[in-house]
Amino acid sequence: MDASSDTAIAALLLDWYDVHARDLPWRALPGSSSPDPYRVWLSEVMLQQTTVAAVKDYFAAFTTRWSTVEALAAAADEEVMAAWAGLGYYARARNLMACAREVARLGRFPDTEEGLRALPGLGAYTAAAVAAIAFGRRAVVVDANVERVVSRLFAIEEPLPGSRPAIRAKADAITPDARAGDFAQAMMDLGATVCTSRNPRCLLCPIAAPCKARRMGDPARLPVKAPKKAKAVRQGRAFWIEREETSEVWLVRRPGSGMLGGMRALPDDGWAARADGSGNGPLAGPWESAGKVGHVFTHFALELNLSVYLGDRFDGLGEGEWWPIDRIDEAGLPTLFAKAARLALAMAVDEKEDA
DNA sequence: AAAACGTGGCT
DNA sequence: TAGCCAAGTTT
């Protein structure tokens, strides 16, 4: 592929984008000026390893509650962590606050890829995306969509992740000097709606003509990926400690790094730090079993047994807080513990029905 | 450099 | 349904 056809690919994609761009909340309104860097940055962080559908409500909630980066910088850590609950990869929320505070200190977002890359939570992808989309800089934006589109377009047979340097070189070659932000978003929209992982819709593709994988007959075969390791299944135990006289449950704050770091949680037996939990709780009990919940994390699956204590002796509980059970939805529990809470409450309902 | 780090939707 | 996959970053 020579330089002139690389230019042609960008033109085809931009023409397609002018007609088919998805209408997403963090994109500038048609006809308006450049999008707000705060909204671009926030959306890009939320979208890391996360689908558009999952992000939409969180983006609306965050921008309603904190409409500027200064407002977010001034927010309390626990408020932001609770607002992020359920979205996953909680290091993103911790980095989000650190980044907002750094930007507030600087007075504005850096407007170069290099400057952005130095902020917490902005890696190669996000720095390039914000530089291109919010500041119109030419930057080579490579995410999983771009990897897929480029792998197919140029029929790159080497498996990921080894093919990343070759993919980046090709992405660089087709990235235009003008409208680099639109080009990046065009590639991502194409990957999300046309050049999909399974069942690519080549008949709708604006760059089907130059696509080598399509010519070879089986575009879905690419990109080739290295095989994944099987997930181990761990056992753990969590504890629902209820103070009956006030209808409150005991919640703790998890350590600031590691699994679900910084999030509110039910007390547990340390399953996150070992292959399995110790089985020990923060109280002597007696415990009643409420059953178990299953949850799959990125690198292991967990079977979490839930034990319940209802009583009035709470010796040795340590750090934590009593939380009103009727407002448990507002505690900002990550999904694993939200499931466990649901189980405890379902058990309570069952027992009431039995009585 | 390989592993840690969430979750929900789709097939 | 069990596995695959998503607008990756950090250590």
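In what follows, chains are A, B, ... by sequence order, proteins preceding strands, each numbered from 1. Model, not experiment: these values are computed from the prediction. Below, each value reflects all heavy atoms present in this structure, side chains not excepted, and no hydrogens, waters or symmetry copies.
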Practice problem: Respond yes when some side-chain nitrogen or oxygen of A:Arg148 is under 4.0 Å from OP1 or OP2 of C:dA6, and no when none is. | Solution: yes
Quiz item: Is there a donor-acceptor contact under 3.5 Å from the side chain of A:Arg39 to the main chain of A:Pro25?
Solution: yes
Quiz item: Taking A:Arg92 for the side chain and A:Gly88 for the main chain, is one N or O donor matched with an acceptor at less than 3.5 Å?
Solution: yes
Quiz item: A:Trp287 vs A:Phe239 aromatic rings, parallel, tilted or perpendicular, using cut-offs 30° and 60°?
Solution: tilted
Exercise. Using the six-membered ring wherever Trp is involved, compare the ring planes of A:Trp26 and A:Phe59 and label them parallel, tilted or perpendicular (cut-offs 30° and 60°).
Key: perpendicular
Exercise. Test side-chain contact (heavy atoms from CB on, under 4.5 Å) on A:Tyr89 and A:Gln48 and set out the steps.
Key: CA-CA 9 Å; A:Tyr89 283 145; A:Gln48 289 166 4; over 6 Å; no
Within [range], residues whose heavy atoms come under 4.0 Å of DNA chain C:
range: residues 139-146 of chain A; result: A:Asp143, A:Ala144, A:Asn145
range: residues 183-197 of chain A; result: A:Met188, A:Ser197
range: residues 120-130 of chain A; result: A:Pro120, A:Gly121, A:Leu122, A:Gly123, A:Ala124, A:Tyr125, A:Thr126

If you look at every strand shown and take non-hydrogen atoms under 4.0 Å, does [X] touch a base, only sugar-phosphate, or nothing?
X: A:Lys225; value: sugar-phosphate
X: A:Ile133; value: nothing
X: A:Trp26; value: base

Quiz item: Are the aromatic ring centres of A:Phe314 and A:Trp250 under 6.0 angstrom apart?
Solution: no
Practice problem: Could you tell me if the ring centre of A:Phe297 sits under 6.0 Å from that of A:His299? | Solution: no
Exercise. Taking the side chain as every heavy atom from C-beta outward, state whether A:Trp84 and A:Met46 have any pair of such atoms under 4.5 Å apart.
Key: yes
For [X] and [N], give me the distance from atom [atom1] to atom [atom2], rounded to whole Å.
X: A:Arg164; N: B:dA1; atom1: CZ; atom2: P; result: 12 Å
X: A:Glu147; N: C:dA7; atom1: CD; atom2: P; result: 10 Å
X: A:Leu119; N: C:dT9; atom1: CG; atom2: C1'; result: 13 Å
X: A:Leu24; N: C:dA7; atom1: CG; atom2: P; result: 12 Å
X: A:Lys56; N: C:dA7; atom1: NZ; atom2: P; result: 14 Å
X: A:Phe59; N: C:dA6; atom1: CZ; atom2: P; result: 22 Å

Quiz prompt | Connected via hydrophobic side-chain network under 4.5 Å: A:Met263 and A:Phe300 | solution = yes
Exercise. Just do the side-chain contact (heavy atoms from CB on, under 4.5 Å) check on A:Ile133 and A:Val141 with the steps written out, would you?
Key: CA-CA 10 Å; A:Ile133 297 168; A:Val141 180; over 6 Å; no
Self-check item: Where protein sits on nucleotides 2-11 of chain B, one letter per nucleotide: B base, S sugar-phosphate only, - none, heavy atoms under 4.0 Å
Solution: -SSBBBS---
Quiz item: Say you pick atom C1' in C:dT11 and the same atom in B:dT7; how far apart are they, in whole Å?
Solution: 22 Å
Practice problem: List in chain and number order the residues that pass side chain to side chain contact (heavy atoms under 4.5 Å, CB included) with A:Ala60, two or more places apart in sequence or in another chain; answer none if no residue qualifies. | Solution: none
Practice problem: Please identify each residue that fulfils side chain to side chain contact (heavy atoms under 4.5 Å, CB included) with A:Arg137, with sequence neighbours left out. | Solution: A:Asp111, A:Thr112, A:Ala131, A:Phe135
Quiz item: Is there a side-chain contact (heavy atoms from CB on, under 4.5 Å) between A:Glu147 and A:Leu160 once you walk through the steps?
Solution: CA-CA 9 Å; A:Glu147 287 180 350; A:Leu160 285 168; 3.8 Å; yes
Exercise. Between A:Arg22 and A:Arg117, just flag the one whose closest nucleotide in DNA chain C comes earlier from the 5' side.
Key: A:Arg22
